Every structure is written in structure tokens, then in C-alpha cells.
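Presented below is the structure to which this report refers.
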Amino acid sequence: MINSEKLSKTNFNVDAIRADFPILHQQMNGHDLVFLDTGASAQKPKQVIEAMVSVMQSDYANVHRGVYSLSQRSTDLFEASREKVARFINAPDEDSVVFTRGATEAINLVAFSYGQRLVPGDEILTTEIEHHSNIVPWQMIAERQGAKVVFAPITDDGELDMEAVRALITNRTKIVAAAHVSNTMGTVLPIKELARLAHRVGAVMIADGCQAAPHLPVDVQDLNVDFYAFSSHKVYGPTGIGVLYGRPDILIDMPPYQGGGEMIETVEKTGSTFKLPPHRFEAGTPAIIEAVGLGAAIDYITSVGIEAAGAHETEVCAHAETLLRSMPEVEILGRPNSKTSVLSFNVKGAHAHDVGTILDQQGVAIRAGQHCAQTVMDRFGLHATARASFGMYNTLAEAEALARAVSKTIEIFG
Ligand SMILES: Cc1ncc(COP(=O)(O)O)c(C=O)c1O
């Protein structure tokens, strides 16, 4: 393992990072665990685990409600996490950061709140590269409002076909929804340009940042998006919490998504009035412990440096790609110019699930299936792929372990 790291050009201290992730130091099926499924969910550093234990042991009470000191302390920690998120994505202020259950809920919030203004004939432009969570909510609200979902195509290389996009964004387009980074091929989409094209026709732009926030610096003001969604569990934080950034002047005009406690100003038998954003969109007791965990995860990424981590992950992914591309029996999905740390592939003659199982027997944990991206599978005429995805804790040696395990799979399938 050590020798491979000498090849690294990024000088990233991956050993120090690995020491922070207790789960990585175990054997799986008689081999060192090689965890290559960070795209589905990242592992957690001890700093996140400790912050969550600490709030439960010393600072926990319900937030925004208590007049007593412990509740105030808990509220301060919860709101401090919102400020950390705002800084992490360069939001103009913390009130533009809504805590949700995850990226999926964040996109649903925009669909079912902002989407209420759609009228028959309006169009929502999404793309063939999306995760289902950036397709299905749009189909649901389009059906309800009599609007239409239009899909921008992707090229054979796995990039967004921008010529087609330019033709598809018209005066009928009211919402443009696209992934910042593809969860199947790692393609980085030109979100800033998409936002420009959307704004030119008066549409809003929502970026699904699930696979971008863990790997790239995100600046929502520079991207000039109206909405940006991501999940805590993919940025080394806990499950159960995610983020919706919304442009303040848009959020303020949006109706609540759910009703309940915490989000109201007054409740009378004749009706209720609602708080200002973000609280208007946070009905019920929020994920308090998880918010603290997310704050700790952001502190962790910031202390490592997202650029340094991203460069390291790209290097490890590229090493794996070079090794797999040298095997004639392996087919790799897409060849985008600009990509992050996701690699989808198939071994000729083998089902992706069998590849995943054989790799697991060698301690290599990858994902196999459609990756909640059926439109991508359809585009390439596939049923499934094997997918390796990389985090800041992966090593060049692990990329080599993946390649060895794939070679073994090829041997088994003859
Ligand atoms: C690109 C993308 N969007 C959205 C999601 C959904 O995230 P969550 O299940 O955390 O809501 C995922 C999860 O894999 C994803 O990769």
C-alpha cells in the first residue's frame, strides 16, 4: 500500500485521513476492507461521531422552544451548523439554508412548493443523467399542474448535450433541474451556464449537488443557481439531514411544504400564518443531533481542504480508470472531459451484480445496479453497471486492489 502512495502527485496525507475513519480498519471476507461506495454514502470520521455523542451527552434538548439554558445551548449548536453550511456553499446568509431530511426532500420541497405556480403548457427541463430524485418529483408536480417534463440528452461520452439544451430551453421553460455531478459517470455539468440559460428565459435553476458537495468547492452565488440541494450523509455527515439552499428573494414567496409545529407564527381556528424562511419550511422537531453532526462534517472537510481532497480523489479514480481501461474485457461508461470520483463499468459477459459479489469476496465493496438512474441505463442500452466511487480516504493501492479483483472476476467468467 505504501509503495503506491509514492506515485501520488498530490502529496495528500491519506494515512492521516484514514486514521480518522474507524470503520475502514477491518477485514472483510478475509481481506482488508476496500470501501468504494462513497457515492452512495460516505463513511464518518471520528470527529463527527464524537460531536454527535457529545451533544447527546451534554447539550441536548429540543430547539427553538425552551426558555431554559440547556435548550438555548442546543439551539445555538443547531443554528451554528446552519451558519457552517452557509459558509460551506457561500450562501449569502444562513436564512437561505433550509434543513431537510436529505437531497431528495430538498428537491421535493422545491417541486411541491415553488412548483405550485406552474400552469398547463409550462415545461420543466431536466436531463437524462439525473438520479431519480431529480426526475420523479418533477414528473409528479408536472402531472398535478398540467405541465410537462422535458429531458435534455447526453452524449456518448456521458456529457450533457449543450446544443440540444440550448434548443430545449424556451419561453415555456419555468424550471431547469440538473445534477452538478453525475452519480453514474462523475460528469461535472456546466451548472453556471445552465443557470445563465435558464435565467435568460425567466426560469429558475435548481442544481442537485449530492455528488458535487463532497468533492468540489461549491459557491452558490458564483454558480448563480436559485436552488441547490445536497445530503449530509454524502459529505461525511450523518443520515437523516440534508440541505436546500434557496435564493432569499425566491424562498420568501414560496408557500410551506409541510405544516406543523415550529413553522407557524399564529394558529387560529380560521387559519394559520407562517414564519419567515428557513423556519417556514422546517415543520416539526428537526434532526438536531444530525445537524450537529453535519456541522462537524463540514468542519472536518474544511480542515482537510475540499480542493486537496477533491484532487486526491480524482487522482485515485483516474488511476483505477487507467487500470480498468487496460483490460479488454472491461467496458467503462462514459468518458467525460470533466469528472470527479465515480467510475461505472461492466465486465463483458458478467452481470454487474455477479461482479459486485465476486469483488465483495475479495474485500472490495462497490455498488451494482441502476444507481437510481434508469434514464442513464436506457440511454446506453444497459440494465446495470458496477460502480466504484471514491472518497478522501481511498488510496492508489485500493484502486489497484479494485483492478486485481476485477481481473479475478474476468478469470472466473473465462
Ligand atoms: C446525484 C444524486 N442526487 C440525489 C441523490 C439522493 O440523495 P438522498 O437519498 O440522500 O436524498 C443521490 C443519492 O445517491 C445522488 O447521487
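Just so you know, ligand 1 is whichever comes first in the structure, and atom 1 is the first atom listed for that ligand. Scope of the values below: all heavy atoms of this structure, side chains included, with no hydrogens, waters or symmetry mates. Just so it is clear, the structure is predicted and the values come from calculations on it, not from any experiment.
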Quick one: do [X] and [Y] make a salt bridge, cutoff under 4.0 Å?
{"X": "K84", "Y": "D299", "result": "yes"}
{"X": "R166", "Y": "E193", "result": "yes"}
{"X": "R387", "Y": "D37", "result": "yes"}
{"X": "K46", "Y": "E50", "result": "no"}

Specify whether F78 and H64 have parallel, tilted or perpendicular ring planes, treating 30° as the upper limit for parallel and 60° as the lower limit for perpendicular. perpendicular

Ligand 1: which protein N/O atoms lie under 3.5 Å from its N/O atoms?
{"unit_1": "ligand 1", "atom_1": "3 (N)", "unit_2": "D208", "atom_2": "OD1", "d": "3.3"}
{"unit_1": "ligand 1", "atom_1": "3 (N)", "unit_2": "D208", "atom_2": "OD2", "d": "2.5"}
{"unit_1": "ligand 1", "atom_1": "10 (O)", "unit_2": "S231", "atom_2": "OG", "d": "2.6"}
{"unit_1": "ligand 1", "atom_1": "10 (O)", "unit_2": "H233", "atom_2": "NE2", "d": "2.7"}
{"unit_1": "ligand 1", "atom_1": "11 (O)", "unit_2": "A103", "atom_2": "N", "d": "3.4"}
{"unit_1": "ligand 1", "atom_1": "11 (O)", "unit_2": "T104", "atom_2": "N", "d": "2.9"}
{"unit_1": "ligand 1", "atom_1": "11 (O)", "unit_2": "T104", "atom_2": "OG1", "d": "2.6"}
{"unit_1": "ligand 1", "atom_1": "14 (O)", "unit_2": "H131", "atom_2": "NE2", "d": "3.4"}
{"unit_1": "ligand 1", "atom_1": "14 (O)", "unit_2": "K234", "atom_2": "NZ", "d": "2.5"}
{"unit_1": "ligand 1", "atom_1": "16 (O)", "unit_2": "Q211", "atom_2": "NE2", "d": "2.7"}

Can H199 and D226 be counted as having a side-chain donor-acceptor contact under 3.5 angstrom? yes

